[in-house]
Asker: 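Have a look at the structure that comes next, please.
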Amino acid sequence: MKSHLSLILLSTLQCNADCEYCFESKTTDRLTLDRLGELIRKVLDYMVEKSLATLTIYWQGGEAMLLPPSWYEQANDLIRREAEARDKQVFHSLQSNMLAYNTRWNKVIAEMFGNSVGTSLDYPNLHRKLLGQGPESYNEIWGRRVREARAAGIAVQVIAVPNRATLEIGAERFYTHFVDELGVTEFQVNTPFPGGEATAAKQELPVAEVEKLSRFYMELAEVWLERGYHHGVRLGPFDALLQHFSHEPATLPCIWGDNCANALVSIDARGYVAQCDCWVTSYPDYHYGNIFECSSLAELLKTSPARQQFNERPIHLIQRDCLNCDYLALCHGGCPVRTYTVHGSLFEKDPYCELYKALFGQMERAARELARARVAARAMAA
Ligand code: SF4
Ligand code: SF4
Ligand code: SF4
C-alpha cells in the first residue's frame, strides 16, 4: 500500500433511481452510526499498522443522499475524532445522482465535502431512469437539482458513460451538450461495462464496439483540445493523460493503476469488503470478507483468496498479453472489473486495450505538440 488509502464507502444500498445499466444489486441496508464507528476504527487501525497517512472516503450508494444530511454531520464528527486520535487525515468526497438534493444539504456539503459533488448523466440519456418513468423525467429533475446546487456555490462534476446513441450523435454534439448547454466544466467519460445481473440494456452497451468507441474518444479529445483545454474545461481521462505525457504530476484513474488492490478498497452498508463498488454489490464470490466479522482489516485483506487473485493479475498480464506493450508502465493491463464482466476472468487484459493504446498515442502526440508550441512562443517573446 502507498501512503494514501482510498475507501469507497456505500452508506446505503438503496437507490431512488432505477437505471437500466446499474451494476448494483440493491437492498434496503443502511449503515448506522454505531456500525460506522466500528468500521472506521478498523480502517484507521489498518492505516496505523501500514503507516498510511491519509484516507479519502468516496461516499456512494445506492444513493448516498437517502441518508439525511444530519447523519453525515454526525459521521463527519465521529470520523474526525477517531482520525485525530490516530494522527491520520481524512478527506471526503460525495457521489450522488442529485435527485434528493435540496438546500438542507448545503451545510454538510460545504463542511464535509469541500463544497463539491460528483454526479452522473449520459447524453443522450437512454438508461438513467426513475422507477417506472422515462429518461426525460430523470434529466428534468437532475437538471433542476444541479442548477440549484450550483446557485448555492457547489461545484458539480459529472461522469458520463457513452451509449449507442452517444456514438451516433458523435463527439462534437456530446461536448456541446455538456459544456455549452449544461455549463459543465469538469467531467469525465467512463467506458461502459456490463457489471452485475444481465439485462437487455447491458447487452446494448457498446462494449464490443471498441473501434467505434475509440473513434468517439479520439474525436472528443480533439474537440476538447481545440475548444476546452485552453479555457479551463477539465475532461477526464484526457486531461490527466495530457499531464502524464507532459511529465507533470497527474492523478490517473484507477483503471490504469499498477494494481488497484494496492490503493483502494470498498465497504458496503452490510460491512462487506471488496475491491470496488461493483464487486462489493454484485459479486459475492469476490468479497474479501466482512469488516464486522473480522478482528482486523489487515488480517482480512491478507488472508482473502479473492484479493490474492487481484494481486496476481498484474504478473499474469506482464508475462503474457501486455509483455510487449509500449504503454505497460502506464496502463498495467487495465481494469479488473471491465475485464471480468466481459471475459469472465481476471487474468485477461482489459477489453478496451485498443482504445487505450489509441488514446495514449494521441495524448502523447498532443503533449509533444503543446510543448513545441510553448517553446516556439517563448522564442518569439525573447
Ligand atoms: S446507477 Fe446509481 S443512480 Fe442509477 S440505479 Fe444504480 S445506484 Fe442508483
Ligand atoms: S476493478 Fe477497475 S474500477 Fe474497480 S478499483 Fe479496480 S481499476 Fe478501479
Ligand atoms: S494498452 Fe493493452 S497491451 Fe498495453 S498494458 Fe494496456 S491492456 Fe496491456
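Just so you know, ligand 1 is whichever comes first in the structure, and atom 1 is the first atom listed for that ligand.
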Asker: How close does the nearest protein non-hydrogen atom get to atom 8 (Fe) of ligand 1, and which residue and atom is it?
Answerer: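 The closest one turns out to be Cys15 SG, 2.3 Å.
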
Asker: Can you tell me which portion of Cys276 lies within the under-4.0 Å heavy-atom range of ligand 2? Options are side chain, backbone, both, or neither.
Answerer: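 For Cys276, only side-chain atoms sit under 4.0 Å from ligand 2.
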
Asker: Hey, is atom 4 (Fe) of ligand 1 within less than 2.8 Å of some N/O/S atom on Cys19?
Answerer: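 Given the 2.8 Å cut-off, Cys19 counts as a ligand of atom 4 (Fe) of ligand 1.
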
Asker: Would you mind running through ligand 2 and noting each atom that sits below 4.0 Å from a heavy atom of Ile255?
Answerer: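 By the 4.0 Å cutoff, the relevant atoms are 7 (S).
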
Asker: Using modelled atom types and a 3.5 Å cut-off, is there a donor and acceptor pairing between side-chain atoms of His92 and backbone atoms of Thr56?
Answerer: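 A pair under 3.5 Å: no.
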
Asker: Can you report which non-hydrogen protein atom sits closest to atom 7 (S) of ligand 2, along with the distance?
Answerer: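 Result for atom 7 (S) of ligand 2: Cys254 O, 3.5 Å.
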
Asker: Of the protein's non-hydrogen atoms, which lies at the shortest distance from atom 6 (Fe) of ligand 1, and what is that distance?
Answerer: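 Sorting protein heavy atoms by distance from atom 6 (Fe) of ligand 1 puts Cys22 SG, 2.3 Å first.
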
Asker: Going by the atom numbers of ligand 1, which of them fall below 4.0 Å from some non-hydrogen atom of Ala17?
Answerer: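 Answer for ligand 1: 3 (S), 5 (S).
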
Asker: How does Lys26 reach ligand 1, if at all, at less than 4.0 Å between non-hydrogen atoms: by side chain, backbone, both, or neither?
Answerer: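 Answer for Lys26: side chain.
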
Asker: Report the nearest protein non-hydrogen atom to atom 4 (Fe) of ligand 3: residue, atom name, distance rounded to 0.1 Å.
Answerer: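 Among all protein heavy atoms, the one nearest atom 4 (Fe) of ligand 3 is Cys325 SG, 2.3 Å.
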
Asker: Check for a donor-acceptor pair, side chain of Asn290 on one end and backbone N or O of Arg270 on the other, with a separation under 3.5 Å.
Answerer: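 Between the backbone of Arg270 and the side chain of Asn290 there is a qualifying donor-acceptor contact (under 3.5 Å).
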
Asker: Tell me, which protein residue and heavy-atom name are nearest atom 2 (Fe) of ligand 1, and how many Å apart are they?
Answerer: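 Result for atom 2 (Fe) of ligand 1: Arg128 NH2, 4.0 Å.
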
